[in-house]
Amino acid sequence: MRFLLLTAAVLLVAAAARSSVRAPEPNLAFRANQLLFPKVRVAYAAYHGAARAQLRRNGLVPERLELFLRAFKVGRRVEVWGRNQGQGQFVLLRTFRLAGTSGTLGPKRQAGDGQIPEGFYTINRFNPDSKYYLSLGLDYPNVADQVRAGTLDPGNDIFIHGSDETIGCLPITDEGIRELYVLAVEARSAGQASIPVHIFPFELTDENLARRMASPHLAFWQQLAPGYQFFERTHELPTVAITAAGSYACAN
């Protein structure tokens with residue numbers, strides 16, 4: 001399966017939904033299924049009302065919520081952005097501090113290296129009964145990660161989760177994951193099938209890159225920079241592709 005994926009010349013991994021012919025179909029059964037789990041019910045009891053109020057204060061309709069997450073290693077934070085589905089700019093809703101980190105700056109290359117990935121991902125799993133309270137799984141490794149790993153095992157099971165423990169994941173405390181999990185379930189229930197997650201080493205400005213000209217990761221970070229800079233300019237999602245060579249390419 002891995003090598004079949006690599007035969008694709010270009011794979012779209014994060015597409016901006018700036019306009020849509022039809023609105024996504026709500027998936028209320030998803031919320032109902034999640035609420036079968038005790039930890040999710042506790043999270044909803046604590047944060048559901050507050051989350052809906054926060055969305056409305058930002059001009060967002062809870063039933064049309066679309067989320068985007070952005071994380072930075074330097075600064076140790078996970079940002080939560082939202083908008084009404086496919087309409088206008090994202091607004092910053094919440095910032096969670098990373099309660100723990102592992103590894104160093106630079107992408108994850110193989111299982112056991114302790115690195116937090118860097119790149120463009122999506123949430124592909126909701127774990128309502130995680131060892132780390134609740135967790136949201138990323139689609140790591142993507143095709144770029146697989147190419148970068150070569151013959152090595154790139155690893156898997158990268159999550160945003162509770163607690164302050166990590167070996168390559170993004171912990172935001174049990175309290176933090178309860179709040180984020182509610183927002184993510186609400187977005188999924190509103191019809192957002194894929195929640196983008198962009199993970200950067202630091203703010204990829206030209207100035208910050210110039211300070212790290214000697215880094216062995218500079219060429220990789222220069223692949224990520226157009227996507228970061230596009231969102232900074234527009235507060236809309238970039239369209240990102242992965243080439244057959246495993247490089248990121250921003251089409252905007």
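Keep in mind the model is a prediction, meaning the values are calculated, not measured.
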- Query: Please walk me through it: do Leu209 and Leu204 pass side chain to side chain contact (heavy atoms under 4.5 Å, CB included)?
  - Reply: CA-CA 6 Å; Leu209 289 170; Leu204 291 173; 3.9 Å; yes
| query | Quick one: does Arg83's side chain have a donor or acceptor within less than 3.5 Å of a partner on Gly88's backbone? | reply | yes
(message) Let's go through Leu55 and Leu93 carefully: what are the C-alpha distance in whole Å and the side-chain angles of both, what is the deciding distance for side chain to side chain contact (heavy atoms under 4.5 Å, CB included) to 0.1 Å, and is it a yes or a no?
(response) CA-CA 8 Å; Leu55 295 175; Leu93 300 175; 3.7 Å; yes
Student check: side-chain heavy atoms of Phe90 and Glu66 closer than 4.5 Å | yes
Review point. Has the side chain of Gln34 got a donor or acceptor atom that lies under 3.5 Å from a matching backbone atom of Val40?
Key: no
* Validation row, ring centre His198 to ring centre Phe231 under 6.0 Å -> no
Pairing donors with acceptors under 3.5 angstrom, does anything connect the side chains of Asn27 and Ser189?
no
Rounded to the nearest 0.5 angstrom, the CZ-CZ distance for Arg70 and Arg77 is 6.5 Å
Separation between OG1 (Thr173) and OH (Tyr133), nearest 0.5 Å, reads 11.0 Å
Open item on the list: Please check: side-chain N/O of Glu63 versus main-chain N/O of Pro26, any donor-acceptor pairing under 3.5 Å?
Closed with: no
Would you say Ser163 and His161 make side-chain contact, with heavy atoms under 4.5 Å? yes
Q. Is Glu186 paired with Arg188 through a side-chain N to carboxylate O contact shorter than 4.0 Å?
A. no
Q) Do Ile195 and Phe68 have side chains that get closer than 4.5 Å, going by heavy atoms? A) no
What one should report as the nearest heavy-atom pair of Cys250 and Pro238 is SG-CB, 3.9 Å
Taken to the nearest 0.5 Å, the spacing of Ser194 OG from Asp139 CG works out to 7.0 Å
Evaluate Ile199 against Leu170 for side chain to side chain contact (heavy atoms under 4.5 Å, CB included), listing each step before the verdict. CA-CA 10 Å; Ile199 306 177; Leu170 297 104; 4.1 Å; yes
inquiry  = Is a donor from one side chain sitting under 3.5 angstrom from an acceptor on the other, for Asn127 and Tyr181?
reply    = no
- [ ] Answer yes or no: are there more than 12 heavy-atom neighbours, outside Ile167 itself, under 6.0 Å from its atom CD1?
- [x] no
Next item on the list: Please test Asp206 against Gln229 for side-chain hydrogen bond (donor to acceptor under 3.5 Å, both in side chains), starting from the C-alpha separation and ending with a verdict.
Entry: CA-CA 9 Å; Asp206 292 338; Gln229 294 173 4; 3.3 Å; yes
Run the ring-centre check on Tyr248 versus Phe120 and record whether the distance is less than 6.0 Å. yes
Check: Gln223 side chain, Ala249 main-chain N or O, donor-acceptor pair, under 3.5 Å:
no
Is there a donor-acceptor pair closer than 3.5 Å between any side-chain N or O of Asn58 and the backbone N or O of Leu60?
-> no
Would you say Thr101 and Arg76 make side-chain contact, with heavy atoms under 4.5 Å? yes
_Joint hydrophobic cluster, Val80 plus Leu65, side-chain heavy atoms closer than 4.5 Å_ = yes
* Asked: Hey, is the main chain of Thr104 close enough, under 3.5 Å, to the side chain of Lys73 for a donor-acceptor pair?
  -> yes
In this structure, CD1 of Ile177 is separated from CD1 of Ile172 (nearest 0.5 Å) by 4.0 Å
Rounded to the nearest 0.5 angstrom, the OG1-CD1 distance for Thr166 and Ile116 is 5.0 Å
Scanning both residues in full, the closest heavy-atom pair of Val74 with Phe202 reads CB-CB, 3.9 Å
Between Ala190 and Pro62 the two heavy atoms that sit nearest each other are CB-O, 4.2 Å
Exercise. Are Leu105 and Trp221 close enough, and set up right, to give a side chain to side chain contact (heavy atoms under 4.5 Å, CB included), and what steps lead you there?
Worked result: CA-CA 10 Å; Leu105 298 183; Trp221 292 337; 4.0 Å; yes
- Message: Using a strict threshold of under 4.0 Å (side-chain N to carboxylate O), is an ion pair present between Arg97 and Asp164?
- Response: no
Residue pair Leu69 / Leu180, side-chain heavy-atom distance below 4.5 Å: yes
Exam field: side chain Ser135 to backbone Ser130, donor-acceptor pair closer than 3.5 Å | no
Checklist entry - Do the side chains of Pro196 and Tyr121 get nearer than 4.5 Å, heavy atoms only? => result no
Backbone N/O of Tyr140 and side chain of Asp145: donor-acceptor pair under 3.5 Å: no
Does atom CD of Gln110 have more than 12 heavy-atom neighbours, drawn from other residues, nucleotides or ligands, at distances under 6.0 Å? yes
Is a donor on one side and an acceptor on the other found under 3.5 Å between the side chain of Thr122 and the backbone of Asn124? no
- His217 and Pro107, any side-chain heavy atoms less than 4.5 Å apart: yes
Smallest heavy-atom separation, Pro154 atom then Ala149 atom, equals CB-CB, 3.8 Å
Are the charged groups of Asp113 and Lys108 less than 4.0 angstrom apart, N to O?
yes
Check your understanding: Going by an N to O cut-off under 4.0 Å, is there a salt bridge joining Arg148 and Glu118?
Key -> no
### Query
Are the side chain of Ser247 and the backbone N or O of Thr243 linked by a donor-acceptor pair below 3.5 Å?
no
dist Leu67:CG -> Gln85:CD (nearest 0.5 Å) comes out at 10.0 Å
Using a strict cut-off of less than 4.0 Å between a Lys/Arg side-chain nitrogen and an Asp/Glu carboxylate oxygen, indicate whether Arg211 and Glu203 qualify as a salt bridge.
-> no
Original post:
With a 4.5 Å heavy-atom cut-off, do Asp157 and Arg125 have their side chains touching?
Top reply: yes
For Glu232 and His235, the nearest pair of non-hydrogen atoms, with its separation, is O-CD2, 4.0 Å
Does a side chain donor of either Trp81 or Glu79 reach within less than 3.5 Å of an acceptor in the other side chain?
yes
Using the ring of each side chain (for Trp, its six-membered ring), is Phe200 parallel, tilted or perpendicular to Phe72, with breaks at 30° and 60°? tilted
Here the pair of heavy atoms bringing Ala144 nearest to Gly246 is CB-O, 3.5 Å
* Please answer: with hydrophobic residues joined when any side-chain heavy atoms are less than 4.5 Å apart, are Val61 and Val182 in the same cluster? => no
